[in-house]
Protein chains: 4
Amino acid sequence: MNKRLDPDMRKQQIIEAAAAVFARKGFYQASMDDIVQESGLSKGGLYWHFKSKDDIVTAVLDQFFSAEMDEINEILMAPLSVSEKLRQLVTQMMADTVEELNAYLNIWLEFYAVAAREGSFRDRMLVYMQQFIELFALLIQQGMDNEEFRPINARETAITLTAQFEGLILLWAIDPETMNLLQLAETAVDIFLEGVRKHT
Amino acid sequence: MNKRLDPDMRKQQIIEAAAAVFARKGFYQASMDDIVQESGLSKGGLYWHFKSKDDIVTAVLDQFFSAEMDEINEILMAPLSVSEKLRQLVTQMMADTVEELNAYLNIWLEFYAVAAREGSFRDRMLVYMQQFIELFALLIQQGMDNEEFRPINARETAITLTAQFEGLILLWAIDPETMNLLQLAETAVDIFLEGVRKHT
Amino acid sequence: MNKRLDPDMRKQQIIEAAAAVFARKGFYQASMDDIVQESGLSKGGLYWHFKSKDDIVTAVLDQFFSAEMDEINEILMAPLSVSEKLRQLVTQMMADTVEELNAYLNIWLEFYAVAAREGSFRDRMLVYMQQFIELFALLIQQGMDNEEFRPINARETAITLTAQFEGLILLWAIDPETMNLLQLAETAVDIFLEGVRKHT
Amino acid sequence: MNKRLDPDMRKQQIIEAAAAVFARKGFYQASMDDIVQESGLSKGGLYWHFKSKDDIVTAVLDQFFSAEMDEINEILMAPLSVSEKLRQLVTQMMADTVEELNAYLNIWLEFYAVAAREGSFRDRMLVYMQQFIELFALLIQQGMDNEEFRPINARETAITLTAQFEGLILLWAIDPETMNLLQLAETAVDIFLEGVRKHT
DNA sequence: GATGAATGAGTCTTCATTCAT
DNA sequence: GATGAATGAAGACTCATTCAT
């Protein structure tokens with residue numbers, strides 16, 4: 001269709017089309033033809049840039065992960081108290097989820113499902129999860145060092161905290177009408193911070 | 001193969017076969033032929049008892065839900081302090097998850113993914129989630145009435161708590177080797193209980 | 001369902017149900033389950049009385065033929081001039097077609113289609129057609145003997161006449177809204193009678 | 001099998017294969033696999049050019065109709081008396097039927113059956129029938145204007161005439177051994193022309 | 001006689017992938 | 001690089017028929 005774009009831009013174009021289609025239909029429900037139509041390229045064109053459907057799925061997810069990680073890292077750099085950073089993070093991430101990620105939430109959920117079943121996907125997921133947990137663990141360790149938090153196991157607590165937010169997104173994805181994700185997240189942070197804070 | 005079972009037992013037989021197949025391959029990856037093979041029945045036999053593949057999926061999930069709800073209800077009836085009940089619940093549910101539910105975890109995750117995308121599934125999911133949240137909310141209300149807990153919004157806290165456990169299961173499903181689900185759950189309850197307890 | 005009817009009545013019950021279903025869906029579109037439902041009997045019950053679906057189709061058609069032949073014979077016995085008999089026949093048969101046969105017209109048409117393709121059906125059809133033509137031929141011969149008609153080949157003319165009416169029913173079946181079958185049939189007889197009448 | 005034909009030729013190739021199969025087995029008895037085999041294309045290839053079995057059926061019939069209409073139109077253009085044109089038409093059409101259409105007669109008959117039952121097919125059939133009747137009506141009107149024919153209702157007579165020929169084909173399709181279609185058609189035209197001719 | 005659960009070959013259709021152009 | 005026609009295995013589902021009860 002459009003001729004001679006930079007190959008990376010073509011890939012990007014395909015990834016975006018695929019993401020839109022996957023969000024609408026799920027990885028396995030979506031067909032290559034759907035992606036063809038959404039992308040405006042031809043069947044052969046897709047296969048020139050990606051060698052299989054799984055390849056496209058993987059590319060979509062990688063892109064998704066790195067976008068999320070970038071954002072988190074940025075917030076963690078800010079010069080705030082640990083408690084404050086946690087609040088920020090929550091506010092920011094949930095606001096993102098509600099706004100722009102909304103459309104891609106389905107992909108997110110489906111990826112958990114697929115990852116739990118298939119090795120190659122799981123490995124990619126693990127890398128991401130571990131980075132995420134690592135960041136939280138550092139933050140928590142910092143909190144203990146500060147004496148903002150009481151002594152706790154940093155890694156376990158980090159996992160717990162990650163789980164808390166993934167879980168909230170999960171529930172909200174099922175019932176966005178009744179639930180206010182931002183408000184719930186704030187309640188969760190409040191309880192968490194109260195639960196780990198050092199009584200003086 | 002086997003002839004003339006009680007119709008309910010046949011349905012049960014099919015549901016179990018289907019659950020096993022779904023756990024292995026996922027709802028959409030699994031074919032009716034897979035279920036045929038696993039169940040030992042014929043294609044037509046399956047369709048005699050269930051009118052479509054979706055019908056089987058739904059039956060598997062309903063069964064799954066009601067089993068879980070039964071167990072939870074049982075624990076909630078026990079004559080314990082609210083904090084103790086919460087600990088019990090966690091210990092019990094996570095132990096279950098690790099042991100018997102293990103095989104069906106994949107189904108669980110995939111159902112979240114599908115539910116976020118398709119109405120009929122979502123509705124079933126909502127009913128379950130609401131029951132679950134409701135139970136937690138009651139427990140928390142009880143905790144406040146007891147003066148075990150400080151004044152908090154019971155429903156929001158219940159959602160938060162549900163999210164915490166669903167989230168933990170989610171993460172653990174991806175990385176069961178490194179994570180100790182029971183231990184993590186206990187850490188989570190500790191923090192939670194500390195976070196909501198009334199200081200005297 | 002109902003118990004112990006006379007076997008012939010059971011057969012009749014099945015034939016009627018089948019006729020209704022076939023009219024609605026066609027021989028091949030209709031399933032045995034459709035007939036089961038319409039008849040109120042069970043699957044096994046149907047197969048007790050008829051050994052196959054084709055058997056039921058055949059029975060429906062035989063019944064259909066003999067009903068039509070009876071009616072025609074009756075009219076031919078009446079003490080009228082040949083021209084008058086022809087008019088009567090037409091009036092009667094077309095009125096029947098419009099009224100009661102209406103529902104079964106589809107069967108009629110489909111049977112032609114099947115008969116043109118399959119031996120066993122064709123043979124049954126032939127017997128009926130030949131009887132029909134034979135009757136017309138006799139009538140026409142009578143007309144010549146009477147000197148109502150000019151000398152013509154009785155058999156060929158009979159076939160021609162049969163074709164005329166079958167053809168009218170055919171066209172009308174496709175477009176019953178615009179066509180008035182009775183009127184058309186009268187026009188056809190008029191032209192025919194004028195075409196064969198002896199000028200004196 | 002063959003690669004890269006002109007798309008229209010491919011469609012034509014499929015239509016011809018399908019027509020052959022339908023003639024042999026009927027629309028509903030024929031399977032897509034039969035057409036695949038007859039056409040030498042693959043399953044996917046068929047579905048690339050036609051989106052469903054019904055689509056193929058429709059294409060076969062459209063082609064069939066237009067071929068027939070072309071031929072008729074040609075004859076009607078000839079500079080002959082109306083009576084002569086009618087004779088020509090009959091001779092030509094019946095000769096065609098006997099020769100080349102022979103193989104496709106079954107399709108013709110089955111289409112009547114299906115058309116009487118299903119809307120989309122009926123509509124296509126109606127268009128064709130109306131064109132056909134229209135042509136005859138014009139011819140008859142011409143005959144009256146010429147004073148070849150006595151005053152009659154042109155449309156009704158046209159329908160009658162159409163019915164006469166469709167009917168003859170119908171009967172002949174059931175019993176081609178005993179009947180001489182050409183001869184019968186001539187007898188029919190004779191009687192018809194005598195029945196409508198103006199006595200001077 | 002009658003029931004309805006069970007069978008399994010067969011149906012139409014989809015879809016990831018390939019490849020001649 | 002790109003196209004889109006072609007492939008064929010696989011999918012969900014149907015249905016005439018059988019047979020234990």
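What you see below is based on every heavy atom in this structure, not just the backbone, and it leaves out hydrogens, waters and symmetry mates. Throughout, protein chains are lettered first and strands after them, A, B, ... in sequence-line order, and every chain is numbered starting at 1.
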query = In whole angstrom, what separates C/Lys25's NZ from F/dC15's C1'?
reply = 12 Å

ask   = What about B/Phe111 and B/Tyr128, are their ring centers closer than 6.0 Å?
value = no

query = Between F/dA16 atom P and C/Phe50 atom CZ, what is the distance in whole Å?
reply = 15 Å

inquiry  = Measure CG/B/Leu46 against P/F/dG11 and give the value in whole Å, please.
reply    = 15 Å

Between N or O atoms, less than 3.5 Å apart, protein on one side and nucleotides 11-15 of chain E on the other: list the pairs.
residue: E/dC12; atom: OP1; partner: D/Ala30; partner atom: O; Å: 3.4
residue: E/dC12; atom: OP1; partner: D/Lys53; partner atom: NZ; Å: 2.8
residue: E/dC12; atom: OP2; partner: D/Met32; partner atom: N; Å: 2.9
residue: E/dT13; atom: OP2; partner: D/Tyr47; partner atom: OH; Å: 2.7
residue: E/dT13; atom: OP2; partner: D/Lys53; partner atom: N; Å: 3.0
residue: E/dT13; atom: O5'; partner: D/Tyr47; partner atom: OH; Å: 3.3
residue: E/dT13; atom: O4; partner: D/Lys43; partner atom: NZ; Å: 2.3

key: Length of the CG-C1' vector between A/Asp8 and F/dG1, whole Å   = 15 Å

ask   = Counting side-chain heavy atoms from CB outward, which of E/dT7, F/dG4, E/dA2 is closest to C/Trp48?
value = E/dA2

ask   = Would you call C/Val114 and D/Glu110 a side-chain contact if the rule is heavy atoms closer than 4.5 Å?
value = no

ask   = Any stems for DNA chain E, made of 3 or more Watson-Crick or G-U pairs in a row, each with both distances under 3.5 Å?
value = E:2-21 with F:2-21

key: C/Met9 CE to E/dG1 P, straight-line distance once rounded to whole Å   = 14 Å

query = With a cut-off of 6.0 Å (strictly less than), are more than 12 heavy atoms of other residues, nucleotides or ligands near CD of A/Gln37?
reply = no

query = Closest heavy-atom contact between C/Val36 and C/Leu41?
reply = CG1-O, 3.2 Å

inquiry  = Minimum heavy-atom separation for D/Ala30 and D/Phe22, please, with both atom names.
reply    = CB-CD2, 3.7 Å

remark   = Taken to the nearest whole Å, CD/C/Gln37 to C1'/E/dG4 is 14 Å

key: Aromatic ring proximity D/Phe65/D/Trp108, centre distance under 6.0 Å   = yes

query = Without hydrogens or angle criteria, can the side chains of A/Gln63 and A/Glu16 be said to hold a donor-acceptor pair below 3.5 Å?
reply = no

inquiry  = Hydrogens and angles aside, do A/Asp55 and A/Thr58 bring a side-chain donor and acceptor to less than 3.5 Å of each other?
reply    = no

